[in-house]
Every structure is written in structure tokens, then in C-alpha cells.
2 protein chains.
Amino acid sequence: MAASTLTEVARLAGVSPATASRVLNGSARIPGKDIADRVRQAAESLGYIPNAQAQGLAKSSSGLIGLIVHDIADPYFAAIARGVQDAAREQHKMVLLATTEGAPDSEKEAVAAFAARRADSIVIAGSRTSRTEDLEGNTELAAELDRYCRNGGHVGVIGHGIVGAATADGYHVVSVPNEELAAQLATELAASREEDFVIVGGPEGLFTSDDRIRGFQRGLASAGLPAADVIRTDFTRAGGFEAGLALAARITASQPGTATKRLCIFAVNDVMAIGTAAALRSQGLRIPRDAAVAGFDDIETLRDFRPALSTVHLPLEEIGRQAASSAAGPSADDAGSPPITGQVILRRSTEVAHPTSAESAA
Amino acid sequence: MAASTLTEVARLAGVSPATASRVLNGSARIPGKDIADRVRQAAESLGYIPNAQAQGLAKSSSGLIGLIVHDIADPYFAAIARGVQDAAREQHKMVLLATTEGAPDSEKEAVAAFAARRADSIVIAGSRTSRTEDLEGNTELAAELDRYCRNGGHVGVIGHGIVGAATADGYHVVSVPNEELAAQLATELAASREEDFVIVGGPEGLFTSDDRIRGFQRGLASAGLPAADVIRTDFTRAGGFEAGLALAARITASQPGTATKRLCIFAVNDVMAIGTAAALRSQGLRIPRDAAVAGFDDIETLRDFRPALSTVHLPLEEIGRQAASSAAGPSADDAGSPPITGQVILRRSTEVAHPTSAESAA
DNA sequence: ACGCACTGGGAATGCGCTTTCCCAATATCC
DNA sequence: GGATATTGGGAAAGCGCATTCCCAGTGCGT
């Protein structure tokens with residue numbers, strides 16, 4: 001038993017398919033009350049469900065919004081996804097998900113797949129890169145997106161724009177002030193102490209990471225401090241852990257000479273920071289006593305982490321929502337949504353050591 | 001400029017649309033090599049992207065798999081989503097996402113929407129409920145699903161089957177041995193100590209929660225222990241926190257009389273456990289010194305939590321994958337995938353107190 | 001009372017593709 | 001060598017719906 005069609009409904013109601021279509025799916029012309037009721041009742045009794053594919057074909061618009069993330073299980077992306085999902089619901093659309101592990105070529109594939117499905121708009125989250133090995137992939141991605149836009153698609157990119165993407169109509173980017181916020185974090189961190197700063201960053205060429213590193217260094221510089229060492233590693237917990245191990249060795253080695261200052265480690269995202277902290281701990285070091293650690297993103301699930309992680313709050317959900325709705329169309333006034341802001345949140349993990357009562361406070 | 005169509009490609013290649021279709025999209029009949037090349041080249045030069053909607057309409061199958069979760073930002077669901085996404089990729093399908101906050105009626109809507117899009121299969125994650133206020137919703141959901149199945153759809157449900165769902169063809173459930181595992185957890189916890197047990201559970205009627213509670217009580221019973229008190233609260237971190245506050249008061253109150261045993265708190269999921277732990281801590285209590293805490297799920301992001309949380313590991317990703325592929329079709333032998341198993345993982349949060357060296361170990 | 005603009009419904013076309021059916025040309029067999 | 005398979009391509013009929021165009025009926029104006 002196949003699903004019933006509009007035609008069947010129309011026949012049962014004793015009207016033409018055209019009329020049935022008009023009453024069941026919002027049309028400019030609304031048939032007379034009595035007829036409408038008949039049709040609706042027929043539809044009800046048949047359990048009619050409109051075929052969205054056919055509707056899409058006829059209207060050439062699908063009610064779909066595509067979302068591209070690196071990994072949906074990463075809380076950062078999950079939070080963004082929630083925002084996108086919210087916006088989608090408001091727009092009465094569904095979200096189509098694609099995960100790409102961050103590879104430009106599979107992002108390109110995803111865009112093509114979305115284009116094939118005639119997604120009304122697509123949101124790309126996840127940091128852009130400028131690595132030379134990604135150059136070709138980025139170019140192709142940009143071309144694919146460009147084509148998608150020229151065909152009437154709308155795209156919302158989170159963070160940096162796609163490298164090489166023409167500023168076509170329908171191409172929006174929700175920019176995140178990574179650099180400024182990182183600078184601010186550095187400033188606040190520098191204000192209350194004197195320490196050696198170290199940055200645990202992602203691979204070179206990753207915009208999000210690079211921006212945060214640059215910002216942090218700038219903040220340090222403007223506080224009159226020397227630039228921090230930068231350790232490059234994976235943009236993941238594992239990467240952070242690895243870096244943490246190296247740093248633990250460094251800290252332990254310098255322990256004897258008590259003259260060395262405490263290390264303040266800035267990991268460019270919370271997940272990495274957690275990894276770094278775990279590594280430090282695994283080597284018997286304690287935070288913030290033996291080292292301060294700060295992250296970035298303020299991931300919700302991580303807020304109960306102990307010691308509470310200093311970080312930069314980012315309205316991830318809002319970012320996702322904005323990306324989805326900016327791509328939805330001009331809506332109201334195009335000035336629309338306010339720029340994204342974040343704020344530095346200093347918590348226990350970067351507290352200055354109180355030599356005496358270090359263990360007391362929660 | 002609209003996207004180019006198959007007809008245009010065919011014209012450019014000097015063949016009929018039929019032939020073009022045959023070469024570009026896997027068909028049983030493969031045209032001659034030379035013709036095929038001509039077509040492929042034409043497609044390439046036109047940047048042809050097949051219209052999936054039209055394909056779907058013609059073939060009546062969409063290459064879509066629908067996923068229904070409570071909240072995509074919840075790490076539990078995010079992990080499952082990743083598994084589903086994986087399976088989807090293997091099947092060359094895309095996943096369509098719907099979040100429902102767990103409300104049966106919006107789940108029903110989601111199913112209808114998926115049906116409208118002619119999703120090839122749909123996966124429902126998130127605990128089923130048997131609350132009377134959900135009864136109607138559940139019935140409608142079951143009806144909707146049943147209709148979907150009768151129309152040739154496949155559904156994979158995670159955990160419990162939908163209440164009242166007929167065992168139609170194409171209806172699969174990936175069952176999770178919540179009860180057994182909870183019993184096992186109780187047994188292991190009971191073995192090494194004597195404590196007062198308390199369960200922090202979700203609202204009554206939530207299968208996942210109820211199963212785990214029942215299992216835990218059974219485990220306690222078979223260890224000769226009395227049933228634990230059960231605190232009902234939300235199935236969220238906030239719920240856990242609230243319960244934790246109440247428990248903290250209870251612990252603090254009984255502190256004076258040193259005769260009371262340490263409390264061992266079993267929260268029915270990790271997120272709640274974290275909330276409970278946070279509440280305890282906020283009241284100056286320490287884990288595991290003043291109370292032991294255990295969770296369930298072994299959420300990845302929470303593994304670095306301190307003190308490390310005792311829990312039951314569930315192969316969430318695998319669960320999602322299985323749900324997606326069981327719904328995909330018989331594949332190989334239908335016995336297919338092995339049953340889901342989990343394992344109890346005892347960590348620091350339930351360690352027995354060493355009155356002396358309590359603060360030493362990591 | 002006649003012609004007018006309207007209103008409300010139906011017929012028909014097309015969205016882009018797959019697929020069945022059909023036909024011409026070549027290959028195969030006795 | 002003529003008849004029968006077999007191959008390779010095209011024509012055309014939908015898939016389920018939206019929508020444009022058309023037409024009958026109604027109200028109105030003068």
C-alpha cells in the first residue's frame with residue numbers, strides 16, 4: 001500500500017487535484033469554506049501526507065537546510081547544530097546533516113549533495129584552513145559554493161569566509177571575534193600575575209586557531225610581556241593531552257630551581273585545554289598550583305570540570321542560529337542580527353596561587 | 001541561471017535524455033563506451049548536478065535517513081548521531097535531523113515530516129515513556145510509524161520499542177541492556193563496601209530511567225541489601241543538581257553522628273551524575289570522601305571529569321550505527337549485528353575511603 | 001436588461017528524472 | 001542466406017504536485 005496521493009484525495013472529495021492542492025498547501029487562492037472542509041476531511045481519512053519531493057520539484061525549493069560540521073559528536077559543533085536546528089524549526093525547515101572531518105574535499109562533496117537536494121540554504125561550521133595542501137580543496141569548495149549561490153542558494157559560513165570565495169549574493173559569514181577575545185583573555189590573565197605563558201595551538205593554517213593565537217600574543221604584547229611559546233598539535237583533546245605531557249616534563253624539570261614562575265597555558269579551545277589538564281594531572285601536577293590553564297569556547301558540558309576552566313564564552317547556539325537565519329533570507333531589516341560577542345570568564349584554573357590556603361577554596 | 005538539467009546534458013552530448021540518465025546514474029544498462037564518455041564530458045562541462053528531488057520522485061526513494069533525538073547538543077545523542085551518520089555515509093545516504101525535546105507529539109510530527117520526504121528509513125533515539133499524559137501521544141506516534149512502515153519505510157528504535165507499536169515489517173529495535181547493566185553496577189558497588197544507596201532517577205515512566213532503577217535495585221537485592229531510596233527529578237544536569245542539593249543537606253545533617261555510613265549515589269545517567277556531584281561540591285562535600293557517585297553511559301566528554309566518574313560504558317556510536325543499518329535493510333544475514341553490550345567501569349568517584357591517605361592518589 | 005469585472009473551480013502543462021516499451025542494426029544459427 | 005536472437009539507442013509515459021490559463025457562474029453598474 002503506497003501512500004495516498006493528492007489526486008486520490010481530490011477524487012474522494014469530488015474536486016479537482018488543483019483545488020485539493022490549493023486547500024491543503026498554502027496557496028494564494030483559498031477555495032470556498034465548504035469545499036475546503038470536504039477536501040480536508042478526505043485528506044484526513046486517507047491519512048494523506050504530501051510528497052515533499054514532488055512539492056519540491058514543482059516549486060523548486062525543498063524546505064531543507066544543509067549543515068556541514070567536522071564532527072557532530074564534538075560539543076562545539078553539537079551546540080552550533082542546536083542553534084541551526086532551532087532556526088530551522090522557526091523557518092519550518094528540516095536540517096540535513098553532513099560531517100566532513102574538516103576535509104575541504106569532503107566539504108565540497110557535501111555542498112554538491114546539498115545542491116543536488118536543492119537545499120534552500122547551507123550552513124558551514126568548522127574552521128577554515130589556509131594550509132597549502134588544502135589549497136586545491138579550498139578552491140574547489142569555493143567554486144562549488146559559488147555555483148550553488150549563483151543557482152539561488154544561500155550560504156552562511158561560521159567564523160572565517162571560505163578562502164577564495166567570491167562575495168556572491170546569498171553568501172554570508174557570521175564572524176566570530178576570536179582574535180579580539182583572545183587578546184582580551186591574555187590581557188586579563190596578564191593583569192593579575194606574572195608568569196610564563198605558553199600557547200597550545202592547533203595545526204598551522206587553521207584560522208580559528210591562528211586567530212586565537214595571534215590575538216593572545218597581541219594581548220600579551222600590549223601588556224608589555226614577551227610573546228608566548230607556541231606548541232602546535234592537533235585541534236583535539238588528544239592533541240591537548242600530548243602537548244600537556246610535553247609541558248609537564250618542562251615544568252617538572254624546572255621545579256628544583258624555585259625561581260621559575262608558574263606556567264600559564266592557553267589552549268586554543270576548551271577540549272584541548274581539558275586534554276592538557278588531564279596530561280598535567282597524570283604527571284602529578286596540580287592546577288592551578290603548578291600551572292594555570294585556560295581554554296576557549298566555554299563548552300557547556302565542560303563547565304563542571306574541576307578545577308573550573310577559565311575560558312572565553314562564545315554564544316555557540318546563537319552563532320548557529322544566526323548563520324542559519326542569515327542564510328534564510330533578508331528577513332526584516334537586513335542589518336538583522338547583532339554581531340557576535342563573547343566574554344572572558346576567569347575561573348579557578350587560572351587563579352593565582354595562594355601559597356597558604358591553596359587547598360581551601362572550591 | 002538555473003542549474004543545468006539532464007536534458008541539457010543530453011542535448012549537448014547529442015544523445016537522448018534516456019541515454020544520458022543511463023550513463024550518469026547507475027543503471028542496469030550501460031551504454032557504449034564512446035557515448036558514455038561524450039555524455040560524461042558534457043555533464044562535466046556543464047557542471048551538471050542531478051536533481052535528487054526529481055530522482056527521488058521517479059524512483060520513489062530518497063537516499064535520506066531520518067534521525068530523531070531529544071536534543072542534538074546532549075552528548076549522549078550527539079554520540080549516537082555520529083554513529084548514525086557513519087552508517088549513513090556507508091549507505092551513501094544523508095541524514096535528516098529532527099529534535100523533539102522528547103515530546104511524543106513532536107516525534108510524531110517528525111515522523112510525518114520524514115515520511116513526507118520519503119526518507120528510506122528513520123532512527124528514533126531517546127527514551128520512550130509510559131506516562132499516562134503521554135499515552136495519547138504515544139499512540140499517535142505508533143500509528144504514524146505504523147503507517148510509515150506499511151508504506152515501505154524502515155524504522156530503527158533505540159532502547160525500548162514504541163509503546164503500542166505493532167511489530168510491522170521494517171520495525172527494528174536495538175535494545176540496550178540497561179537493566180542488566182545497572183544490576184551489575186549495583187552488584188559491583190555493593191561488593192566492596194557497605195553504604196546507604198540512593199538513586200537519582202528521571203521522571204517516572206521514562207523507560208531508560210526506570211529500567212536502570214529497577215536493575216540497580218535488583219542488584220542491591222541480590223547482594224542482600226535493602227532497596228535504595230529513589231529521588232525523582234529531571235533527566236538532566238539540572239535535575240541531578242537539584243537532587244544533589246537535597247542529598248547534601250541529608251549528608252550534612254547526619255554528619256555529627258559519625259555512625260552513619262557514607263552515601264553511595266547512583267544517578268541514572270552521567271549528565272545527572274555530574275550535576276549531582278556539582279551540587280555536593282557546592283555544599284562543601286567531597287567525592288568520594290563524603291559520598292560516592294556513579295553514573296551511566298560513559299559519555300566521552302565527561303571522562304576527564306574529576307573525580308573520575310564510575311559509570312557503565314555504552315557503545316553509543318555503535319548503537320547509532322546499528323540502528324541505522326538495521327533499518328537499512330536485511331543486509332548480509334539478518335542475524336547481522338551482535339547484541340549491544342556495555343560494561344561497568346569503576347573509577348575514583350566510588351572508591352572506598354582510605355581514612356588516612358584519602359588525598360594522595362590521582 | 002445587457003455587458004462588465006470578478007470569483008471560484010477545473011484542465012492542462014511542466015518540474016527533472018527513471019524506466020518501460022519499442023525499434024533499428026548488428027550478430028548468430030542452421 | 002534467411003530467420004531469429006541480441007544489442008544499443010530513442011520515444012514516451014509517468015512519479016506527485018504547483019500553477020498558469022481558461023471557463024462558467026455570480027454580482028454589479030447603467
Side-chain angles (χ1 to χ4, degrees), chain A residues 1-40 42-43 46-64 112 115-120 151-152, chain B residues 1-40 42-43 46-64 112 115-120 151-152:
Chain A
M1 162 189 169
S4 48
T5 75
L6 220 211
T7 311
E8 292 171 13
V9 173
R11 193 174 335 141
L12 204 168
V15 300
S16 77
T19 304
S21 168
R22 288 196 262 256
V23 18
L24 291 179
N25 313 46
S27 165
R29 288 178 48 178
I30 304 141
K33 185 85 174 65
D34 48 344
I35 287 226
D37 284 344
R38 251 198 358 255
V39 172
R40 252 185 288 273
L46 251 45
Y48 170 70
I49 294 184
N51 184 326
Q53 309 226 60
Q55 289 189 163
L57 220 209
K59 295 199 288 207
S60 63
S61 104
S62 59
L64 254 27
R117 298 229 136 73
R118 297 300 183 265
D120 297 332
N151 286 348
Chain B
M1 161 190 169
S4 49
T5 76
L6 221 212
T7 311
E8 292 172 13
V9 173
R11 193 174 336 141
L12 203 169
V15 300
S16 77
T19 304
S21 168
R22 288 196 261 256
V23 18
L24 292 180
N25 312 45
S27 164
R29 288 178 48 178
I30 305 142
K33 186 87 174 65
D34 48 343
I35 288 226
D37 284 345
R38 253 202 351 259
V39 172
R40 251 186 288 273
L46 251 44
Y48 170 70
I49 293 183
N51 184 326
Q53 308 226 61
Q55 290 189 159
L57 220 209
K59 295 200 287 209
S60 64
S61 104
S62 60
L64 254 28
R117 298 231 136 73
R118 297 302 183 263
D120 298 332
N151 287 347

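Note that these values count all heavy atoms, side chains included, but never hydrogens, waters or copies made by symmetry. Within every chain, numbering begins at 1; the chains are lettered A, B, ... in the order of the sequence lines, protein sequences first and strands thereafter. What you are looking at is a predicted structure, and each value in this text was computed from that prediction instead of being measured.
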Novice: Does D:dA18 have OP1 or OP2 sitting under 4.0 Å from an N or O in the side chain of A:Asn25?
Specialist: yes
Novice: Toward the 5' end of DNA chain D, which comes first, B:Lys59 or A:Pro17, by nearest nucleotide?
Specialist: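 Result: B:Lys59.
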Novice: A:Ser21 side chain N/O closer than 4.0 Å to the phosphate oxygens (OP1, OP2) of D:dA18?
Specialist: yes
Novice: Roughly how many Å is it from CD in A:Gln53 to P in C:dT18, rounded to a whole number?
Specialist: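 In whole Å, C:dT18 P and A:Gln53 CD are 12 Å from each other.
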Novice: Got a second to check how far A:Gln53's CD is from B:Asn51's CG, nearest 0.5 Å?
Specialist: 9.5 Å
Novice: State, to 0.1 Å, how close A:Ile49 and B:Ala115 come at their nearest heavy-atom pair, and which atoms those are.
Specialist: CD1-CB, 4.0 Å
Novice: One thing to verify: whether B:Asp34 and B:Arg38 come together as a salt bridge, which I'm taking to mean a side-chain N less than 4.0 angstrom from a carboxylate O.
Specialist: no
Novice: As a test of reading the structure: which of D:dG10, C:dG16, C:dG14 is closest to the side chain of B:Ala18, going by heavy atoms?
Specialist: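 The answer is D:dG10, which lies nearest to the side chain.
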Novice: Quick one: is B:Ser60 getting a side-chain N or O under 4.0 Å of the D:dC15 phosphate, OP1 or OP2?
Specialist: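 No, because none of the side-chain N or O atoms of B:Ser60 sits under 4.0 Å from OP1 or OP2 of D:dC15.
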Novice: Among C:dC17, D:dC17, C:dC15, which nucleotide sits nearest the side chain of A:Leu57?
Specialist: C:dC15
Novice: Determine: side-chain N/O of A:Gln55 to OP1/OP2 of D:dC17, distance under 4.0 Å, yes or no.
Specialist: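 It does not, given that no N or O in the side chain of A:Gln55 lies less than 4.0 Å from OP1 or OP2 of D:dC17.
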Novice: From CG of A:Asn51 over to P of C:dC15, roughly how many Å is that when rounded to an integer?
Specialist: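 Computing the A:Asn51:CG to C:dC15:P distance gives 18 Å.
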Novice: Would you kindly give the CG-to-P distance between B:Leu24 and C:dC17, to the nearest whole Å?
Specialist: 9 Å
Novice: When you measure from the side chain of B:Arg117 to the backbone N and O of B:Ser62, does any donor-acceptor pair fall under 3.5 Å?
Specialist: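 Pair absent, no side-chain N/O of B:Arg117 close to backbone of B:Ser62.
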Novice: Does OP1 or OP2 of D:dG9 have a side-chain N or O of B:Thr19 closer than 4.0 Å?
Specialist: no
Novice: Do the side chain of A:Arg22 and the base of C:dG8 come within less than 3.5 angstrom through a donor-acceptor pair of N or O atoms?
Specialist: no
Novice: Can you give each donor-acceptor pair under 3.5 Å made by side-chain atoms of residues 11-26 of chain B, sequence neighbours left out, with the distance rounded to 0.1 Å?
Specialist:
residue, atom, partner, partner atom, Å
B:Ser16, OG, B:Ala18, N, 3.3
B:Ser16, OG, B:Thr19, N, 3.2
B:Ser16, OG, B:Thr19, OG1, 3.2
B:Asn25, ND2, B:Gln55, OE1, 2.3

Novice: Find the distance B:Leu6:CG to D:dC15:P and express it as a whole number of Å.
Specialist: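 Taking CG of B:Leu6 and P of D:dC15, I get 19 Å after rounding.
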Novice: Between C1' on C:dC17 and CZ on A:Arg118, what's the gap in Å once rounded to a whole number?
Specialist: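 Rounded to whole Å, this separation is 11 Å.
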Novice: Phosphate oxygens OP1/OP2 of C:dG10: is one of them under 4.0 Å from a side-chain N or O of A:Ser16?
Specialist: yes
